[in-house]
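Here's the structure we're looking at; comments come further down.
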Amino acid sequence: NQLGVVAVGFSGGQPKPGVEAAPLALIKSGLLDSLRNDLEFVVHHDNQVHDFTEYFPTSDPPLIISNARVPMLNSLTVSNVTCAISAQVYEHASKGRLVLTLGGDHSIAVGSIAGTAKAIRERHDGREIAVVWVDAHTDINTPETSGSGNIHGMPVAFISGLAKPPRESPSVFGWIKKHHMINISKLVYIGLRDVDPGEKIILRENGIRAFSMHDVDKYGIGKVMDMALDYLNCGPGQEGMPIHLSFDVDALDPVFAPSTGTPVRGGLTLREGDFICESIHETGCLVAMDLVEVNPLLGENDLARKETIRSGCSLVRCALGESLL
Ligand code: ARG
Ligand code: MN
Ligand code: MN
Ligand code: MN
């Protein structure tokens with residue numbers, strides 16, 4: 001019951017300000033206190049929200065890449081920051097702590113997953129991690145397929161090696177080594193409903209396991225989780241493997257999480273989101289979780305912002321073991 005917390009106030013993977021304010025808003029609303037007091041975690045946190053500005057390059061112009069539709073934005077900044085995040089997550093995970101990373105936009109998952117993957121390989125001689133990516137989006141664009149240039153739409157491509165450091169600027173994600181990477185066959189998506197055409201081709205060509213909202217409607221979230229966990233060898237009676245849960249709050253319907261940068265209608269109910277987290281907790285395989293894309297500056301009004309933060313706290317508490325009888 002040792003928990004490492006990395007609070008990442010970073011928004012450079014996308015253009016809307018505010019997402020860097022999420023960690024403090026989540027912590028202020030009592031998230032870490034409840035993990036300590038109700039779930040009895042020993043919480044290791046340096047009481048800082050890192051903005052990682054000390055790692056920002058002096059200049060980071062849009063990176064023009066051959067065959068890309070648009071330039072890649074803040075490429076060196078995101079690369080440097082995610083490298084620093086990976087070191088912090090690794091530090092916790094290498095001591096056997098469960099690691100909670102509070103974002104920030106979803107580009108930060110390049111760092112958190114890299115840190116988890118490296119630590120688990122070292123602690124369990126070469127073992128790979130599984131990733132459960134809960135999101136309205138697949139975030140698997142390469143710099144070539146992206147229509148936005150925003151790196152929060154690309155983290156899965158870089159952490160899986162589907163996208164390589166660009167020839168035009170090899171130091172962009174040049175820090176990602178083999179031991180940081182994930183195996184694309186050990187990735188599962190849940191909650192999808194806004195996938196770009198180029199991403200659909202990537203999913204198909206790589207045989208990536210994905211449960212869209214259509215599947216949630218068709219089978220129900222219970223069956224979807226049975227299938228997802230069985231696929232990852234984490235079902236009942238199976239051997240299990242370490243799971244990194246990367247939860248984008250926009251997987252939830254905007255009714256429950258309106259304050260986010262790229263909301264998409266027709267999403268998960270809060271209960272379905274909580275159920276996903278509870279199911280993963282129950283496997284006993286969870287080694288790390290990200291909660292990302294909460295943006296306390298967006299949303300219609302104060303109630304909308306409060307509800308989004310409450311939803312985010314609920315997801316984390318469920319993943320970490322709340323409310324199971
Ligand atoms: N697919 C779009 C893009 O590449 C949207 C990505 C949204 N990602 C997110 N983490 N909210 O820009
Ligand atoms: Mn820290
Ligand atoms: Mn998303
Ligand atoms: Mn995302």
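The first residue in the sequence is number 1, and the count goes up from there. In this text, all values refer to a predicted model and were calculated from it rather than measured experimentally.
Using a 4.5 Å heavy-atom threshold, the side chains of Arg310 and Ser29 count as separate. By the 4.5 Å heavy-atom criterion applied to side chains, Leu320 and His281 are not counted as neighbours. Proximity of Leu187 to Val132: side-chain heavy atoms (C-beta onward) are nowhere separated by under 4.5 Å. Looking only at side-chain heavy atoms (C-beta outward), His92 and Val6 come within less than 4.5 Å of each other. A 4.5 Å side-chain heavy-atom check between Tyr189 and Ile140 finds at least one atom pair inside the cut-off. The shortest side-chain heavy-atom distance between Pro143 and Phe158 falls under the 4.5 Å cut-off. Contact of the Ile64 side chain with the Met72 side chain is not registered, since no non-hydrogen atoms from C-beta on lie closer than 4.5 Å.
Rounded to the nearest 0.5 angstrom, Tyr55 OH and Cys83 SG are separated by 8.5 Å. Distance check, rounded to the nearest 0.5 Å: CG of Asp253 to OG1 of Thr269 gives 8.5 Å. Here CG of Asp139 is found 7.0 Å from NE2 of His152. Values are rounded to the nearest 0.5 Å.
A 6.0 Å sphere centred on CG of Asn67 holds no more than 12 heavy atoms belonging to other residues, nucleotides or ligands. For CD of Glu239, the number of neighbouring non-hydrogen atoms (other residues, nucleotides, ligands) closer than 6.0 Å is 12 at most. Under a cut-off of 6.0 angstrom, the local environment of CZ in Arg123 is crowded, with over 12 non-hydrogen atoms contributed by other residues, nucleotides or ligands.
Residues Phe211 and Phe275 share a hydrophobic cluster, clusters being chains of Ile/Leu/Val/Met/Phe/Trp/Tyr side chains in contact below 4.5 Å. Under a hydrophobic-cluster definition in which Ile, Leu, Val, Met, Phe, Trp and Tyr are linked whenever side-chain heavy atoms come within less than 4.5 Å, directly or via other members, Leu270 and Met289 are assigned to the same cluster. When the side chains of ILVMFWY residues are joined at heavy-atom separations under 4.5 Å, either directly or via intervening members, Val8 and Ile176 end up in a single hydrophobic cluster. One hydrophobic cluster holds both Val43 and Leu286 under the rule that ILVMFWY side chains link at heavy-atom gaps under 4.5 Å. Hydrophobic clustering places Leu315 together with Val188 (ILVMFWY residues linked when any side-chain heavy atoms are closer than 4.5 Å, directly or through intermediates).
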### Task
Carefully, step by step, assess Asp248 and His137 under the rule side-chain hydrogen bond (donor to acceptor under 3.5 Å, both in side chains).
CA-CA 9 Å; Asp248 183 330; His137 311 93; 4.5 Å; no

### Stepwise side-chain contact (heavy atoms from CB on, under 4.5 Å) test for Ile113 and Ile182
CA-CA 8 Å; Ile113 292 175; Ile182 61 161; 3.4 Å; yes

### Message
Set out, in order, the CA-CA distance, both residues' side-chain angles and the distance that settles side-chain hydrogen bond (donor to acceptor under 3.5 Å, both in side chains) for Asp274 and Ser314, then state yes or no.
### Response
CA-CA 7 Å; Asp274 283 348; Ser314 181; 2.8 Å; yes

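Of all heavy-atom pairs spanning Tyr219 and Lys223, the tightest one is O-CB, 3.4 Å. The two residues Pro57 and Asn80 make their nearest non-hydrogen contact at CD-ND2, 3.9 Å. Scanning both residues, Gly261 and Leu298, for their nearest heavy atoms gives CA-CD1, 3.6 Å. Closest non-hydrogen pair, Arg193 versus Leu268, comes out as NH1-N, 4.4 Å. When all heavy atoms of Gly104 and Pro23 are compared, the pair lying nearest together is N-CD, 4.2 Å. Considering every non-hydrogen atom in both Asn74 and Gly12, the closest pair reads ND2-O, 2.8 Å.
Looking only at distances, a side-chain donor or acceptor of Thr260 sits under 3.5 Å from a matching main-chain atom of Glu293. In this structure, Glu20 contributes its side chain and Gly18 its backbone to a donor-acceptor pair below 3.5 Å. For Ser79 (side chain) and Ser75 (main-chain N/O), no donor-acceptor pair under 3.5 Å exists by modelled atom type. Between the Asp250 side chain and the Ala136 main chain, a donor and an acceptor come within less than 3.5 Å of each other. Using modelled atom types, no side-chain atom of Asn206 and backbone atom of Ile208 make a donor-acceptor pair closer than 3.5 Å.
If you look at His244 and Trp133, their ring centroids are not closer than 6.0 Å. Between Phe52 and Phe10, the distance separating the two ring centers is not shorter than 6.0 angstrom.
Under a 4.0 Å N-O distance rule, the pair Arg271/Glu278 qualifies as a salt bridge. Salt-bridge formation is not detected for the pair Arg36/Glu40: no Lys NZ or Arg NE/NH1/NH2 atom is positioned less than 4.0 Å from an Asp or Glu carboxylate oxygen.
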